[in-house]
Amino acid sequence: MGLLDGKRALIVGVASDRSIAWGIARAMRREGAQLAFTYQNEKLRTRVEGFAAELDSAITLPCEVTSEEQINSVFEQLKNHWNGLDILVHSIAFAPRGQLEGTYMDAVTREGFMTAHEISSYSFSALGKAARPLMRGRKAAMLTLSYIGAVRAMPNYNVMGVAKASLEANVRYMAASLGPEGIRVNAISAGPIRTLASSGISGMRDFLTLVEQVSPLRRNVTIDEVGNVAAFLCSDYASAVTGEITYVDCGYNAIGLSC
Ligand SMILES: NC(=O)c1ccc[n+]([C@@H]2O[C@H](COP(=O)([O-])OP(=O)(O)OC[C@H]3O[C@@H](n4cnc5c(N)ncnc54)[C@H](O)[C@@H]3O)[C@@H](O)[C@H]2O)c1
């Protein structure tokens, strides 16, 4: 018996086999969930259809999160397949070119700030609002992905750290609003992982090396390890956990100087 038997999960954010969302999808499928996926644009469509098929899913829907229309259409179409939704996974972030290098005060612009916040934080509220009617009364769970740059200033992470701080506050406000309907809302703050998104952050390679050297477990986390925690947090075993940011980072957040 799997942790997620009988649950239906919508996975937003698969772009490659390195995507954190892909690790989460694999773990959720292994634990018995049925899956549906979104893809950001036509370029990603065939690839995401292939990933979905690997996990026995034929439901793939377009979703560019700056479009309210596409967000609403995802859940309208989902209703044709499923009569309810138990899990929403939000695993997306974006900041325009130039925002993720140099010092924060040199790099930040009004446009960069607004775009990073819209795509990396507001989109979780927007997807949550659209998912809400399908989740009512189902012991449902929403999950997003954050990073330690939300709570500490990290080199080059810049406006994305500010957007992740907003996302983490979003988790708490969404949890407070949706808790009375039985919907839980949580985040995983993952350690650094080599993905398409993280390759846009200057100095990522150095940071991966640093985590290997100083984190308590002396290594980096994998997408499968993030997936396992995601499966737990969205399962009924985590039924009293909401509004929480859970670190899955080999313990890096716990240290000050390397011990
Ligand atoms: N890789 C890391 O080191 C790391 C660490 C902690 C947290 N995270 C977070 O994990 C999440 C997933 O990132 P990832 O590292 O797996 O990278 P990824 O590149 O595999 O995934 C990013 C996803 O965001 C989607 N996306 C971007 N803009 C979008 C838009 N406007 N509309 C719809 N989708 C859009 C992309 O299509 C892609 O699927 C992000 O929130 C990221 O900040 C990543």
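Ligands are counted one by one from 1 in listed order, and the atoms in each one are counted from 1 as well.
- Nearest protein heavy-atom contact of atom 6 (C) of ligand 1 is Ser146 O, 3.1 Å.
- Of the polar atoms of Ala21, none of the N or O atoms is found under 3.5 Å from an N or O of ligand 1, judged by distance alone.
- Residue Ala15 has at least one heavy-atom neighbour below 4.0 Å for each of these atoms of ligand 1: 38 (C), 39 (O).
- Once rounded to the nearest 0.5 Å, the distance linking OG1 of Thr66 with OH of Tyr122 reads 12.0 Å.
- Protein heavy atom at the shortest distance from atom 33 (C) of ligand 1 is Cys63 O, 3.3 Å.
- Proximity to Val14 (heavy-atom distance under 4.0 Å) selects the following atoms of ligand 1: 39 (O).
- Listed by number with element, the atoms of ligand 1 under 4.0 angstrom from any heavy atom of Thr195 are 1 (N), 14 (P), 15 (O), 16 (O), 17 (O).
- For the atom pair CG (Asn156) and CG (Leu100), the distance works out to 8.0 Å, reported to the nearest 0.5 Å.
- For ligand 1, none of its N or O atoms has an N or O atom of Leu44 under 3.5 Å away.
- Taking OG of Ser235 as the start and CZ of Arg184 as the end, the distance is 7.0 Å to the nearest 0.5 Å.
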| request: Could you check Leu10 against Val74 for side chain to side chain contact (heavy atoms under 4.5 Å, CB included), going step by step and ending with a plain yes or no? | output: CA-CA 10 Å; Leu10 175 67; Val74 167; 3.9 Å; yes

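- Among all non-hydrogen protein atoms, the one lying nearest atom 24 (O) of ligand 1 is Ile92 CB, 3.3 Å.
- For ligand 1, the polar-atom distance check finds no N/O of Pro192 at less than 3.5 Å from any of the ligand's N/O atoms.
- Close approach of ligand 1 to Leu145 (heavy-atom distance below 4.0 Å) involves ligand atoms 9 (C), 10 (O), 11 (C), 41 (O).
- With respect to the salt-bridge test (charged N to carboxylate O, under 4.0 angstrom), the residues Arg45 and Glu49 qualify.
- The option with the heavy atom closest to atom 32 (N) of ligand 1, from among Ile201, Val65, Asp17, is Val65.
- Contact record, Ala176 with Pro180: O-CD, 3.5 Å, taken as the closest heavy-atom pair.
- Polar contact with ligand 1: present for Ala197 (N/O pair, distance under 3.5 Å).
- Residue Met204 places a heavy atom less than 4.0 Å from ligand 1.
- In the model, Ser73 has no side-chain atom that pairs as donor or acceptor with a side-chain atom of Glu69 under 3.5 Å.
- Residues Val108 and Gln99 come closest through the heavy atom pair CA-OE1, 3.6 Å.
- Distances between N or O atoms of Ser16 and those of ligand 1 include no value under 3.5 Å.
- Looking at ligand 1, you won't find any N or O of Tyr147 less than 3.5 Å from one of its N or O atoms.
- Distances between N or O atoms of Phe94 and those of ligand 1 include no value under 3.5 Å.
- Nearest protein heavy-atom contact of atom 20 (O) of ligand 1 is Ser19 OG, 2.5 Å.
- Close contacts between ligand 1 and Gly191 involve ligand atoms 3 (O), 5 (C) [criterion: under 4.0 Å to a heavy atom].
- Short contacts between ligand 1 and Leu196, defined as distances under 4.0 Å to a heavy atom of the residue, involve ligand atoms 19 (O).
- Note that CE of Met142 and OG1 of Thr242 are 9.5 Å apart. Values are rounded to the nearest 0.5 Å.
- Polar contact check, Ile193 against ligand 1: a nitrogen or oxygen pair lies under 3.5 Å apart.
- Atom 37 (O) of ligand 1 has Gln40 OE1, 2.7 Å as its closest protein atom, hydrogens excluded (heavy atom only).
- Scanning the protein heavy atoms around atom 11 (C) of ligand 1, the nearest turns out to be Ser91 OG, 3.4 Å.
- In this pair, Trp22 and Phe37 present their aromatic rings tilted. The plane angle is within the 30 to 60° band.
- Ring planes of Phe207 and Tyr252: perpendicular class, angle over 60° (limits at 30 and 60°).
- Protein heavy atom closest to atom 41 (O) of ligand 1, with residue, atom name and distance, is Lys164 NZ, 2.9 Å.
- Across every non-hydrogen atom of Ala116 and Val159, the tightest pair is CB-CG1, 3.9 Å.
- The distance from ligand 1 to the heavy atoms of Glu64 drops below 4.0 Å at these ligand atoms: 30 (C), 31 (N), 32 (N).
- Protein heavy atom nearest atom 39 (O) of ligand 1, with residue, atom name and distance: Gly13 O, 2.9 Å.
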